[in-house]
Amino acid sequence: MPLINTPLRRVVAIVPAAGSGSRMGDSLPKQYCEIYGLPIIAHTLRALAAVSRIERIAVVVAPDDCYWQGIADAYADQFGAKVVWHPVGGSTRASSVLNGVREVAADFAADDWVLVHDAARPCIRPTLIEQFLDQLVDDPIGGLLALPVADTLKRGDSSQKVVATIDRDYLWRAQTPQMFRLAVLAEALAAMPTATDEAQAMESLGHHPKLIVGDSTNLKITYETDLLLAQNYLMAHET
Ligand code: CTP
Ligand code: MG
């Protein structure tokens, strides 16, 4: 079945939230740390829920996660009935996303869109998601938000000495959201469970995801210092 010119396919979001946040060094998984009295994941879900074209938001949490139920109960008014929680997280991000895709597959068509957005990117703005959707609506494959590399890039050796300067032309930093068609994304993730993003899995099948210019405020919270940055960005977005 040709995928080109399939108009206005439905959009389901998958939010991988089954990581432990090991680089944050906190026993509480980072997606549950609070910024402005709201857990990071609640900021993320609130932004996704504000996008009317996203029909459902499937959150993938770890099977032994003892926090998500409390968050779902306490903050449901922030993100509403579109959010469904699935305790089917895997050992890698790719396996968590794949398990989420399998949870929603029965309710969506093979060429419907799956939009994947990290729970740990709470500063995404609904207007940026709208622009992202607009740019991909007619695309046969899909794509991702990304930023052209701004810094000079160095390759180091094992003793932390520079061995080369890398030409940064055409280099991009991948962000999320990333969005692909349901069936081919499931096939790609199943074939490459080590992929660190959906685009890498799609590339391994020979596809060329579209790069859509993102926003530097859409950071992924990884280290504790990122919390302060995220707090500032969230405050700036509110005003
Ligand atoms: N994630 C997931 N399942 C995993 C690993 C990660 O759903 N097995 C999710 C995280 O919860 C996060 C997103 O994927 O929302 C991006 O991953 P990352 O920033 O690496 O988060 P963690 O894996 O939690 O952090 P760390 O790598 O520092 O342990
Ligand atoms: Mg990780």
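Read the numbers this way: they start at 1 and go in the same order the structure lists the ligands and their atoms.
Interface atoms of ligand 1 facing A119, defined by a heavy-atom separation under 4.0 Å, are 15 (O). Near T92, with a cut-off below 4.0 Å to any heavy atom, the atoms of ligand 1 are 3 (N), 4 (C), 8 (N). Listed by atom number, the atoms of ligand 1 under 4.0 Å from S91 heavy atoms are 8 (N). Within ligand 1, the atoms closer than 4.0 Å to a non-hydrogen atom of A120 are 15 (O), numbered from 1 in the order shown.
Nearest residue to atom 8 (N) of ligand 1 from G90, S95, A18 is G90 (criterion: closest heavy atom).
Contacts of S22 with ligand 1, taken as heavy-atom pairs under 4.0 Å, involve both backbone and side chain. At a 4.0 Å heavy-atom cut-off, ligand 1 does not touch T222 at all. Using a 4.0 Å cut-off between heavy atoms, A62 makes no contact with ligand 1 at all.
Residue contact annotation: D118 has a non-hydrogen atom under 4.0 Å from ligand 1. Remark: distances from the non-hydrogen atoms of G89 to ligand 1 are all 4.0 Å or more. Remark: distances from the non-hydrogen atoms of K30 to ligand 1 include one below 4.0 Å.
In terms of polar-atom proximity, G19 is counted as a contact of ligand 1, with an N or O under 3.5 Å from an N or O of the ligand. Considering backbone and side-chain N/O of V60, none are found under 3.5 Å from N/O of ligand 1. Taking any N or O of M24, backbone or side chain, none lies under 3.5 Å from an N or O belonging to ligand 1.
Distance alone, capped at 3.5 Å, is enough to place a donor-acceptor pair between the Q31 side chain and the G19 backbone. A side-chain donor-acceptor contact under 3.5 Å links Q178 to the backbone of Q175. Judged purely by atom type and a 3.5 angstrom limit, T222 uses its side chain to pair as donor or acceptor with the backbone of K220. When atom types are taken as modelled, the side chain of D167 and the backbone of D169 share a donor-acceptor pair closer than 3.5 angstrom. Counting only distance, with no hydrogens or angles, the side chain of N218 and the backbone of T176 share a donor-acceptor pair below 3.5 Å. Listed for the R9 side chain is no donor-acceptor partner under 3.5 Å among the backbone atoms of W113.
Residues N99 and E103 bring no donor and acceptor atom of their side chains to less than 3.5 Å of each other. The closest side-chain donor-acceptor pair between D65 and Y32 falls under 3.5 angstrom.
Clustering ILVMFWY residues whenever any of their side-chain heavy atoms sit less than 4.5 angstrom apart, transitively, puts L45 in the very cluster that holds Y67.
Residues D151 and R173 are not paired through a salt bridge, judged by the lack of any N-O separation under 4.0 Å between the basic side chain and the carboxylate. For K30 and D226, the salt-bridge test fails: no basic side-chain N is under 4.0 Å from an acidic carboxylate O.
Of all protein heavy atoms, the one lying nearest to atom 27 (O) of ligand 1 is R23 NH2, 2.9 Å. In terms of protein heavy-atom proximity, atom 3 (N) of ligand 1 is closest to S96 OG, 2.7 Å. Protein heavy atom at the shortest distance from atom 15 (O) of ligand 1 is P16 O, 2.8 Å. Closest protein heavy atom to atom 17 (O) of ligand 1: R93 CD, 4.3 Å. The shortest contact between atom 22 (P) of ligand 1 and any protein heavy atom is with G21 N, 3.7 Å.
Results of the side chain to side chain donor-acceptor pair (under 3.5 Å) test with R93 over D197, T196, T194, D118 single out D118 as the only residue that passes.
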